[in-house]
There are 2 protein chains.
Amino acid sequence: MAVFAGQGDARRSMALLWRAPEAGGARTGPGPKPGLSVDAIVDAAIAVADEEGMAALSMRAVGERLGRTGMALYTYVQSKSELVDLMYDQALAELPADYDPDADWRAAASSWAADLWAFYLRHPWLLQVSQARSVLGPNEYVMLDTAVRVLRPTGLEARMLRRAVGTLLHFVRGTASTIAETWQAPKATGVSEEEWWYTRSALLTEVAPDFAERFPAVAWLEARGGFRNEDETTPYLEQEARETFEAGLVLLLDGLEAAANRAAPAPGAGRLPRLP
Amino acid sequence: MAVFAGQGDARRSMALLWRAPEAGGARTGPGPKPGLSVDAIVDAAIAVADEEGMAALSMRAVGERLGRTGMALYTYVQSKSELVDLMYDQALAELPADYDPDADWRAAASSWAADLWAFYLRHPWLLQVSQARSVLGPNEYVMLDTAVRVLRPTGLEARMLRRAVGTLLHFVRGTASTIAETWQAPKATGVSEEEWWYTRSALLTEVAPDFAERFPAVAWLEARGGFRNEDETTPYLEQEARETFEAGLVLLLDGLEAAANRAAPAPGAGRLPRLP
DNA sequence: GCTATCACTTTATACCTTAAAGAAATCAGG
DNA sequence: CCTGATTTCTTTAAGGTATAAAGTGATAGC
């Protein structure tokens, strides 16, 4: 069968993603019974990525977790990249999908974004998986469906709604990335965040004694408390990222509300009749 | 000298980033004259990343571009990760930094975001470099300084302004990522975007014939033209990303304007007196 | 001119993905 | 029951990565 260069068999990939029966389902014939399954492999891979980060995700590591060699996985999966696609879609399955369609759309959008944010922080490796690759898996469509359902009461026109969803997605991913990096940096470098920050700030004043003159606006921000840590217990970057998420979400929803009012300026525009 | 585990010498890193004289400047002593320089190496590395993508950035590739082996670079740079930090900060140097402080802050913020967006698309590899890692390099501070200067006329309080900057940064990075991936996918897989999209859509209807029932909101979106390509010449994903950038920016700036009005509801709030 | 020092290369180690071949297990048909 | 095809999984190997360690040769100062 013809296969695209460097891409593997796209049909097999899609069949696997959607768990179509043709793709390695119940098999009867000669040869030993399969001791693994695609699901088991994907779960093990997700566990590795969750626990040790994307950098530690090797075929061997996944295989060992299942008591096999790394090569054993190639019986079930065409390539590591396909495995990552499967991990991605599988992980998305745990996202909530029900948001009260009769409630205020702002509230629904807020909890949707917060859920997504928390989800990314449970699986920080997702943020390292291609920013925008669309694998067209079932759970990716569930997520998109949920997002559209949540935002439909804004009354925005379809294309505009699509852009709003994209904007929200990018925003959530971006802010979650900051925290994810904060968490994985100590693991990777062996230096705690506090220690890193402390050392680097000290070195900064050493290497740029004229900081305030060179970066007046930053200095202004700093003087006004722009970088101050209010809660001493959480690392600075993490706290800032949390605040950025909350504040940025408000900005976005305010903007969305303005757009919604422009689109349907009638009072009660947030409660448009639901569509099938 | 004590060195952090796995981190190399942080002092040397900072000195290099800020090009402090202590870090390998003009040297006099025995031994052959250095044939390379940190700047030459960083420039070559950026060229490799620009032309062939981050995946092709190996020490060997950079060395060969300079007529050396890969190992030669280790005379100038502690590790590949340090080289990437240097590339990151060096690339940021080409960002514009002057935005008319007397103009409408909305206009300034728009062009700032657009410039940043174009910049990321000129160097798509930047989007693959740690989403949030702060290397505390000089040009990173220039960028931050610019952003703060652009948004200061909103009159927002310092911490809020910091969050607004973060939100805008994440948004721009996110939308740019989509396009960047679109561009590099054909290179990586050998399949053009049109071909990929065409094949995958065909397979999608094959593998999920009940698509419309399973994902009613997505189907609704599609029926209303949410995925239609208006300009046939540019690939769909790229066009959509461009639209998302433009529309999302409006959303964000609308939200920002609302916040600014809450902070300083006086008329003409966009023209607060500038601070030193 | 000797020697310490530095730039750079070579070699080696330990990873990675994955192609290809081999070993063992299983079922179907004779 | 036995044979052969088929399949799982392991082993081996090729070609890639970063980088530690050792070797080579040029240079400047004593």
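Scope of the values below: all heavy atoms of this structure, side chains included, with no hydrogens, waters or symmetry mates. Lettering of chains follows the sequences in order, A, B, ..., and the numbering in each one begins at 1.
Aromatic ring centres of B:Tyr141 and A:Phe215: separated by under 6.0 Å.
The side chain of B:Leu36 lies closest to C:dC8, out of C:dT26, D:dC9, C:dC8. For A:Pro30, the side-chain atoms get nearest to D:dA5 when compared with the rest of D:dT10, C:dT10, D:dA5. Considering only side-chain atoms of B:Pro32, the nucleotide from D:dG25, C:dT11, D:dT10 that sits closest is D:dG25.
Residue B:Gly29 is the one, among B:Leu73 and B:Gly29, whose nearest nucleotide of DNA chain C lies closer to the 5' end (criterion: closest heavy atom). Taking the nucleotide of DNA chain D with the nearest heavy atom to each of A:Gly31 and A:Met71, the more 5' of the two is matched to A:Gly31.
Note on A:Lys33: every side-chain N or O is 4.0 Å or more away from OP1 and OP2 of C:dT26. For B:Tyr74, no side-chain nitrogen or oxygen approaches OP1 or OP2 of D:dA21 to under 4.0 Å.
Using a 4.0 Å cut-off between a side-chain N of Lys or Arg and a carboxylate O of Asp or Glu, A:Glu52 and A:Arg65 qualify as a salt bridge. Between B:Glu238 and B:Arg242 there is a salt bridge, since at least one side-chain N of the basic residue sits less than 4.0 Å from a carboxylate O of the acidic one. Using a cutoff of 4.0 Å between basic side-chain nitrogens and carboxylate oxygens, B:Arg214 and A:Asp145 are not scored as salt-bridged.
For the segment residues 50-67 of chain B, the set of residues with a heavy atom within less than 4.0 Å of an atom of DNA chain C is empty.
Taking atom CZ on A:Arg68 and atom P on D:dT11, their separation rounds to 12 Å, with Å as the unit. What separates NZ of A:Lys80 from C1' of C:dC15 is a distance of 12 Å, to the nearest Å.
Counting non-hydrogen atoms under 4.0 angstrom, B:Gly70 reaches nothing in the nucleic acid.
A:Glu94 pairs by the side chain to side chain donor-acceptor pair (under 3.5 Å) definition with A:Arg122, A:His123, not counting sequence neighbours.
Side chain of B:Gln90 to main chain of B:Leu86: no donor-acceptor pair is present (N/O by atom type, distance under 3.5 Å, no hydrogens or angles).
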